[in-house]
Amino acid sequence: MAVEVVIPMLGVTVENGKIVEWLKTEGDPVEKGESLFIVEADKVTTEVESPATGILAKILLPEGEEVPVLTVVGLITEPGEAIPDAYLPPGASGGVPSKGSKATETGEQVDFAEDAPATQTALSGPVRIVPAARKLAQDRGLDLHSLLPSGPENVITYDDVVKADAPSDDAVPQRISTLARRQAEAHGVSTDAIKGTGVRGRIMRSDVTAAADTVRLERKVSRSAAEVDATFGSVIPMDSMRQTIARRLAGSAFTAPHVAFYTDVHMDPLLQYRKSILNAFEKHYDLRPSINDFLIKAVALTIREFPLLNGMLKDDGIHVLPNINVGLAVAIPNGLVVPAITDADQCGLKGIVQQRSDLVGRALKGQLSMDEMERGTFTISSLAQFDITFFTSILNPPQSGILSVGKTRDELYLVDGEVKVRHVATMGLAVDHRIIDGAMAAGFVQGLKEKLETPAFTFMHT
Amino acid sequence: MAITTEGNYDYDVAIVGGGPGGYTAAICAARGGLRTVLIERDALGGTCLNRGCIPTKSYIYDTKLFRSVRDTPVIRGGEKVQLDLAALLARKRHVVDTLVSGVQGLLRSNGADVIRGEARLIGANCIQIAKSNGELAELNVRHVVLANGSRPAVPPFIKVDGRLVQTTDELLDTPEFSGKVLIIGGGVIGIEMATIFLNAGADVTIIEMLPDILATEDKDIRREMKRQLKKRKAAVLVATSVKEIAIQGDQARVTFQAQGREQAKTVTVDKVLVATGRMPVLDGIDSNKLGLETNGPYLKVNERLETNLPGVFAIGDLIGGMMLAHKASADAETVVDNILGADKSVESHLIPRCIWGLLEIGAVGLSEEEAIAAGRKIRVGKFPFAASGAARAMGHPEGFVKVVGDDATGEIVGLHIIGEHATDLIAEAVSVIKMEGAVEDLSEAIKPHPTLSEAVMEAALDWNGQAVHLPRKSKR
């Protein structure tokens with residue numbers, strides 16, 4: 001019997017999702033647990049698995065259209081089973097999704113139509129192709145519509161792809177040196193269009209370098225040209241990440257009354273402390289702790305003393321969350337994500353460095369899971385690498401505290417009438433004033449300052 | 001092809017010098033459709049065939065055979081065998097003659113003209129030739145390739161008499177390898193000649209001015225070579241300079257001084273071999289008059305191997321760098337491609353170095369020290385021949401393979417082999433590097449058993465801590 005495929009719940013705060021790519025086409029056999037499509041929601045993409053084994057009989061939501069979660073987007077039938085009438089649009093194929101259908105959940109039976117076979121031809125509509133052939137065609141960069149099917153019911157077989165990709169000249173499919181391939185991988189350069197200059201067209205490292213340079217140049221040129229010709233006076237469509245940022249930050253700013261508290265933190269003790277353990281740390285753990293790692297730890301320890309900073313205001317009261325998960329705002333191309341380090345108060349410095357470097361690394365590659373983005377209970381936003389003295393941040397809802405970290409600067413100060421120089425960073429805490437009063441916020445800031453200024457004691461047990 | 005062969009020129013390209021650079025250039029140019037002439041004043045084949053690579057290898061293998069028979073426990077009476085020096089010389093001559101006439105045949109079959117005589121560069125397009133038959137000729141040529149080669153460099157205070165004080169030029173034609181010999185210079189030539197003398201049974205002292213012998217090689221390779229020399233009772237004096245050579249009858253008294261020592265020492269020997277490097281032959285090239293730019297003693301060329309005189313190219317020992325036959329040949333192919341309109345340069349990191357010492361050395365790329373000095377983050381893999389079944393069966397379990405690979409990309413930054421067949425084994429690494437293979441490419445191909453090529457594979461595996469025939473490494 002037919003099983004509906006829906007956009008799953010992707011996180012407590014996620015409302016909508018958009019299929020960025022179907023990994024199967026109509027008519028493909030699918031296994032339960034096999035990836036069906038990639039959905040983008042709230043800045044991240046997730047692969048969604050098939051809920052059943054059978055045939056992907058119908059795709060109801062095309063790529064690129066945003067719909068609420070739990071929308072039915074496809075239908076899996078048993079081989080030979082017809083598509084139920086209810087899913088057949090009254091005209092063209094690829095019709096309107098049947099929003100919010102709870103058929104499978106409520107156990108309602110769906111009527112099956114006897115006379116609606118889901119066959120297509122390669123010449124019109126979606127392409128029918130066996131999975132291995134699809135994979136091969138993707139790897140070789142072939143347009144599916146250009147392939148001539150030889151399988152039953154116009155299905156494109158593996159051999160069809162092999163045949164289509166057979167070299168027309170004397171070159172073998174794609175010859176690339178090991179070092180060129182590794183360089184391409186390391187720099188994310190596609191080798192498909194590169195013309196090799198090595199023996200018989202072998203792609204060499206210099207070819208990859210040249211291709212990367214060309215891409216960079218083209219981007220640069222197109223950007224500067226775009227700045228002049230296109231950007232001003234144009235309308236930039238909001239991608240789902242930008243929409244999410246807009247919605248959440250506006251929601252936060254207009255719901256939670258923000259108030260900010262600043263203090264100057266004397267950074268020399270922490271800088272010296274970090275320096276003193278850096279070599280041994282790197283030697284033992286092969287990890288390099290950054291100032292942010294110490295900050296994350298110190299913040300988590302301070303939250304333990306001020307549990308409301310781990311709280312969230314909801315309809316039924318203030319939920320003080322059990323785990324202290326400190327999020328770190330990471331700028332990525334075209335936006336921002338906030339992966340969170342779990343149990344930062346319990347976690348040793350080594351564990352924090354490990355988590356942080358892993359999360360930041362994957363954030364930049366767009367490989368964070370929804371949970372990693374949603375689990376934060378407090379956020380740190382650092383602009384220390386910019387020439388920004390201090391700033392405030394909008395709370396990352398529904399959190400109630402966010403710490404803004406400015407650059408570390410030189411400052412003159414007096415010791416026994418003598419002028420000295422020290423390193424100082426201004427930190428600002430913004431809180432949800434509905435649940436956190438000024439005295440508590442001030443206490444938190446002061447506690448954090450103390451911890452950062454006495455690092456040997458603060459990090460004694462980590 | 002960017003070049004036409006018409007015009008008022010006698011030839012499209014004239015090549016001065018018939019060594020491995022010059023004759024290769026002539027063959028390639030003629031094959032490329034250029035009207036080609038090669039001018040040689042002496043024998044074709046140059047230093048390589050007549051006074052270098054080939055004669056020394058003939059002697060190396062002959063004396064090695066002698067030494068093997070002498071030392072092997074499986075042949076009885078080996079201690080009674082003797083070297084037949086006349087036969088040694090005859091075989092060398094036969095080898096050389098065969099190869100020289102082979103080169104002549106190749107030039108002829110490819111349609112390159114050969115003129116015997118002394119060439120003088122008059123201008124960018126003009127060469128004057130004092131022919132061997134006494135005639136004087138002048139050629140108008142579109143391009144010139146100078147491949148004049150090199151000759152032994154001898155310090156000014158040393159007088160080579162050809163009898164007691166020799167360079168390789170004299171020694172290779174008067175093979176006497178007994179008695180006490182002092183070799184000045186612990187570079188490639190000094191080490192190879194020491195090998196011949198030691199295998200023939202002579203008493204050898206090597207004096208090297210630099211802090212170590214074979215200065216361009218990896219430190220582990222140098223250490224192993226010094227160990228071998230010591231084992232064969234050769235005296236190796238590094239950081240030591242020869243001050244004076246005095247002839248006393250049939251012997252030479254050599255005075256030398258170690259750096260930092262006030263006291264000079266003296267030794268009396270039967271022969272002194274001066275192996276202090278080589279210098280370019282600039283006969284017939286008046287760089288001042290022609291306005292040719294130089295680079296120290298060498299001619300200066302750009303990446304395309306062209307001098308500052310348009311159309312005049314220079315290759316091989318004349319331009320310095322690695323003074324090796326195969327480097328000259330690589331230069332030659334590059335230069336002809338450039339004359340034919342290409343824009344090529346020689347990839348110097350791909351030029352292998354081969355040394356026939358008591359153990360052979362084959363190396364390409366950077367040594368471990370050079371790689372580190374260049375700021376490369378590297379990893380080293382090593383495999384001793386002692387763990388190779390093939391090396392054991394051959395009775396040559398000494399030596400090792402050392403891989404220097406880029407830690408991140410696996411790029412083969414350098415490969416160093418010392419031991420039996422090292423000079424042949426290095427070729428695999430050169431090919432893999434040329435194809436931009438990584439260290440793993442050396443180990444992932446299946447190697448024939450039992451051969452020494454397995455040692456290269458195992459060293460590559462060891463680079464990843466995976467060598468099969470080595471004890472397990474602690475987890476990195």
Side-chain angles (χ1 to χ4, degrees), chain A residues 167 170-216 278-288 350 353-354 357-358 360-362 364-365 367, chain B residues 303 330 333-334 337-338 341-350 364-366 371 374 376-379 381 403-415 427-446 456-457 460-461 463-466 474-476:
Chain A
D170 60 343
V172 262
Q174 197 187 29
R175 294 150 42 89
I176 179 164
S177 81
T178 306
L179 296 180
R181 182 169 45 74
R182 287 183 183 171
Q183 172 142 337
E185 283 164 6
H187 294 89
V189 178
S190 164
T191 57
D192 294 345
I194 297 179
K195 198 169 170 342
T197 59
V199 173
R200 291 181 187 245
R202 189 176 161 89
I203 298 173
M204 307 305 279
R205 216 159 26 155
S206 56
D207 302 326
V208 175
T209 308
D213 288 348
T214 309
V215 169
R216 214 172 296 133
L278 198 56
N279 277 340
F281 202 98
E282 277 192 289
K283 200 172 139 201
H284 285 304
Y285 304 132
D286 201 19
L287 290 167
R288 195 175 170 84
K350 176 196 168 197
V353 184
Q354 245 163 1
S357 53
D358 169 54
V360 171
R362 285 190 292 114
L364 296 172
K365 292 183 200 152
Q367 291 171 350
Chain B
E303 292 262 288
E333 291 177 30
T334 303
D337 283 346
N338 288 342
D343 189 15
K344 289 190 179 172
S345 55
V346 173
E347 296 168 281
S348 56
H349 70 285
L350 287 172
V364 64
L366 301 183
R376 303 288 299 250
K377 191 157 185 266
I378 52 146
R379 234 187 298 155
V403 179
V404 180
D406 185 281
D407 188 52
T409 64
E411 179 184 353
I412 304 165
V413 177
L415 198 117
E428 182 201 5
V430 180
S431 293
V432 173
I433 295 172
K434 169 66 190 168
M435 293 166 73
E436 293 185 352
V439 175
E440 295 90 331
D441 287 304
L442 285 174
S443 60
E444 284 186 3
I446 299 166
V456 178
M457 172 182 74
L461 284 170
W463 185 81
N464 265 332
Q466 303 285 330
S474 57
K475 221 172 152 215
R476 47 175 88 246

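Everything quoted here is computed from the prediction, not taken from an experiment. The figures here come from the full heavy-atom set of this structure, side chains too, leaving out hydrogens, waters and symmetry mates. Each chain gets a letter, A, B and so on, in the order the sequences are listed, and its residues count up from 1.
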- In plain terms, say whether B:Glu411 and A:Arg205 are close enough for a salt bridge, that is, a side-chain N and a carboxylate O under 4.0 Å apart. yes
- Query: How far apart are the closest heavy atoms of B:Gly410 and A:Leu179, and which atoms are they?
  - Reply: C-CD2, 4.3 Å
- CD/B:Glu303: more than 12 non-hydrogen atoms of other groups inside 6.0 Å: no
- Nearest heavy-atom neighbours spanning B:Met435 and A:Ser177: O-CB, 3.0 Å
- A:Arg181/B:Glu436 under salt bridge (Lys or Arg N to Asp or Glu O under 4.0 Å): CA gap, chis, key distance, verdict: CA-CA 10 Å; A:Arg181 182 169 45 74; B:Glu436 293 185 352; over 6 Å; no
